[in-house]
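Chain A is the first sequence line, chain B the second, and so forth, proteins listed ahead of strands; every chain is numbered from 1.
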There are 2 protein chains.
Amino acid sequence: MTPVQASACCRPIDDLLDPELFKALSDPTRSRLLGCLVKCGCACTVSDVGECCAVDLSVVSRHLSLLERAGVVQSRKTGRTVHYVVDYAHLCRTMRAIADAIEQCCPAEQLPGCARGCCGAR
Amino acid sequence: MTPVQASACCRPIDDLLDPELFKALSDPTRSRLLGCLVKCGCACTVSDVGECCAVDLSVVSRHLSLLERAGVVQSRKTGRTVHYVVDYAHLCRTMRAIADAIEQCCPAEQLPGCARGCCGAR
DNA sequence: TGTATATTTGCATTATGGTGCAAGTACGCA
DNA sequence: TGCGTACTTGCACCATAATGCAAATATACA
């Protein structure tokens with residue numbers, strides 16, 4: 001199977017390798033903000049999360065809303081404060097689904113002990 | 001625990017949320033090239049992979065070497081051709097490790113049936 | 001040794017995205 | 001109603017990165 005033929009063949013990995021999700025995680029500041037939220041575990045206000053980083057609060061606001069658009073966190077507005085929480089379940093599910101989808105494409109000879117033979121015939 | 005306190009507390013997730021890896025996966029062209037390689041399963045030359053995308057071959061070359069620097073693929077030069085292969089094991093391991101690390105931080109109330117109580121005391 | 005092929009590198013151009021400041025909006029409270 | 005707080009948005013600036021073309025490099029082969 002040539003790369004061209006392979007790319008024409010639809011697999012779960014096609015939808016899972018979503019550049020938007022990875023783009024959301026690709027900035028150091030966002031990474032820090034997310035790590036902060038992940039470890040905190042509770043719903044945090046924009047101002048609170050902002051204290052983890054030495055950037056303007058407007059930057060924090062933009063980063064958090066971008067993370068929300070990417071499905072990484074969720075927001076809830078109460079009064080004039082906005083709380084952000086990590087969507088743990090979605091994130092974990094996505095990461096594991098990516099791993100599964102990649103593994104599904106892995107030729108058998110690279111999976112010691114695996115007899116699936118998904119594409120090991122080559 | 002405030003976000004600031006949380007961010008000061010080191011967790012496995014800190015090292016796993018590596019912006020460099022995600023940056024490598026955040027470009028649509030690279031995503032396509034990687035998807036092509038993942039589905040193909042075998043070692044492909046730069047030219048072969050390039051046929052999956054409507055970009056200059058020099059662009060393909062640069063993208064593949066960037067993916068290699070990120071640890072996503074590996075290259076092997078034989079003669080004047082360079083073959084790229086996906087590092088399936090590393091990619092899968094990383095994605096699952098991220099999922100595990102995130103789950104480890106997830107408060108108990110968000111993990112139905114989970115009695116770990118990692119940060120559920122709050 | 002000369003030529004063709006595979007890939008990389010230099011360079012200029014263009015697009016994208018992160019940042020801070022200032023202003024705007026939304027809301028609670030006196 | 002006026003003021004303070006929490007957050008968002010508009011805007012300009014700057015850095016980074018994606019791209020294509022042309023040239024360079026590396027290697028195979030006649």
Chemist: Where does the chain A footprint on DNA chain D start and end, counting 5' to 3' with a 4.0 Å heavy-atom cut-off?
Modeler: D:dG4 to D:dC11
Chemist: Let me spell it out: for each of A:Thr78 and A:Val55, pick the nucleotide of DNA chain C with the closest heavy atom. Which residue's pick is nearer the 5' end?
Modeler: A:Val55
Chemist: In chain order, what residues pass the side chain to side chain contact (heavy atoms under 4.5 Å, CB included) check against B:Asp100, with sequence neighbours excluded?
Modeler: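 Checked B:Asp100 against side chain to side chain contact (heavy atoms under 4.5 Å, CB included); matches are A:Arg96.
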Chemist: Please write out the pairs of protein N or O atoms and N or O atoms of nucleotides 1-5 of chain C separated by less than 3.5 Å, giving the distance to one decimal.
Modeler:
residue: C:dT5; atom: O4'; partner: B:Arg80; partner atom: NH1; Å: 3.4
residue: C:dT5; atom: O2; partner: B:Arg80; partner atom: NH1; Å: 3.2

Chemist: Report the C-alpha distance between A:Phe22 and A:Leu17 in whole Å, list the side-chain angles of each, state the deciding distance to 0.1 Å, and finish with yes or no for side-chain contact (heavy atoms from CB on, under 4.5 Å).
Modeler: CA-CA 8 Å; A:Phe22 296 121; A:Leu17 279 185; 4.0 Å; yes
Chemist: For residues 62-72 of chain B, run the donor-acceptor check on the side chains, cut-off 3.5 Å, and write out each pair with its distance to 0.1 Å, sequence neighbours left out.
Modeler:
residue: B:His63; atom: ND1; partner: B:Arg30; partner atom: NH1; Å: 3.1
residue: B:Ser65; atom: OG; partner: B:Arg62; partner atom: O; Å: 3.1
residue: B:Ser65; atom: OG; partner: B:Arg69; partner atom: NH2; Å: 3.3
residue: B:Glu68; atom: OE1; partner: B:Ser75; partner atom: OG; Å: 3.3
residue: B:Glu68; atom: OE2; partner: B:Ser75; partner atom: N; Å: 3.1
residue: B:Glu68; atom: OE2; partner: B:Ser75; partner atom: OG; Å: 2.7

Chemist: What side-chain donor-acceptor pairs closer than 3.5 Å can you find for residues 51-61 of chain A, not counting sequence neighbours?
Modeler:
residue: A:Asp56; atom: OD2; partner: A:Ser58; partner atom: N; Å: 3.0
residue: A:Asp56; atom: OD2; partner: A:Ser58; partner atom: OG; Å: 2.8

Chemist: For B:Tyr88 and B:Val38, what are the C-alpha separation, side-chain angles and deciding distance, and is it a side-chain contact (heavy atoms from CB on, under 4.5 Å)?
Modeler: CA-CA 8 Å; B:Tyr88 292 92; B:Val38 164; 4.2 Å; yes
Chemist: Name the closest nucleotide to the A:Arg30 side chain, picking from C:dT19, C:dT7, C:dG18.
Modeler: C:dG18
Chemist: What's the NZ-C1' distance between A:Lys77 and C:dC27, to the nearest Å?
Modeler: 7 Å
Chemist: Between B:Asp18 and B:Lys23, is there a side-chain N and carboxylate O pair less than 4.0 Å apart?
Modeler: no
Chemist: At their closest point, which heavy atom of A:Val46 faces which heavy atom of A:Tyr84, and how far apart are they?
Modeler: CG2-CE1, 3.7 Å
Chemist: For a quick test of reading the model, state the closest non-hydrogen atom pair linking A:Val49 to A:Cys44 and the distance between them.
Modeler: CG2-CB, 3.5 Å
Chemist: If two hydrophobic side chains count as joined below 4.5 Å and joins carry through other members, does B:Ile102 share a cluster with A:Val85?
Modeler: no
Chemist: Please report, rounded to the nearest Å, how far the P atom of C:dT16 is from the CG atom of B:Asp27.
Modeler: 11 Å
Chemist: Could you walk me through whether B:Asp87 and B:Val73 pass the side-chain contact (heavy atoms from CB on, under 4.5 Å) test, one step at a time?
Modeler: CA-CA 5 Å; B:Asp87 190 340; B:Val73 301; over 6 Å; no
Chemist: With a 4.0 Å cutoff (strictly under), does any side-chain N or O of A:Lys23 reach OP1 or OP2 of C:dG17?
Modeler: yes
Chemist: More 5' along DNA chain C: A:Gly79 or A:Asp56, using each one's nearest nucleotide?
Modeler: A:Asp56
Chemist: Could you identify which residues of residues 58-75 of chain A place a heavy atom less than 4.0 Å from some atom of DNA chain D, listed by residue number, or say none?
Modeler: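 A:Ser58, A:Ser61, A:Arg62, in order of number.
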Chemist: Check A:Glu103 against B:Cys92 and note the closest heavy-atom contact, atom names and distance.
Modeler: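 Looking at all heavy atoms of both residues, the shortest contact is N-SG, 3.8 Å.
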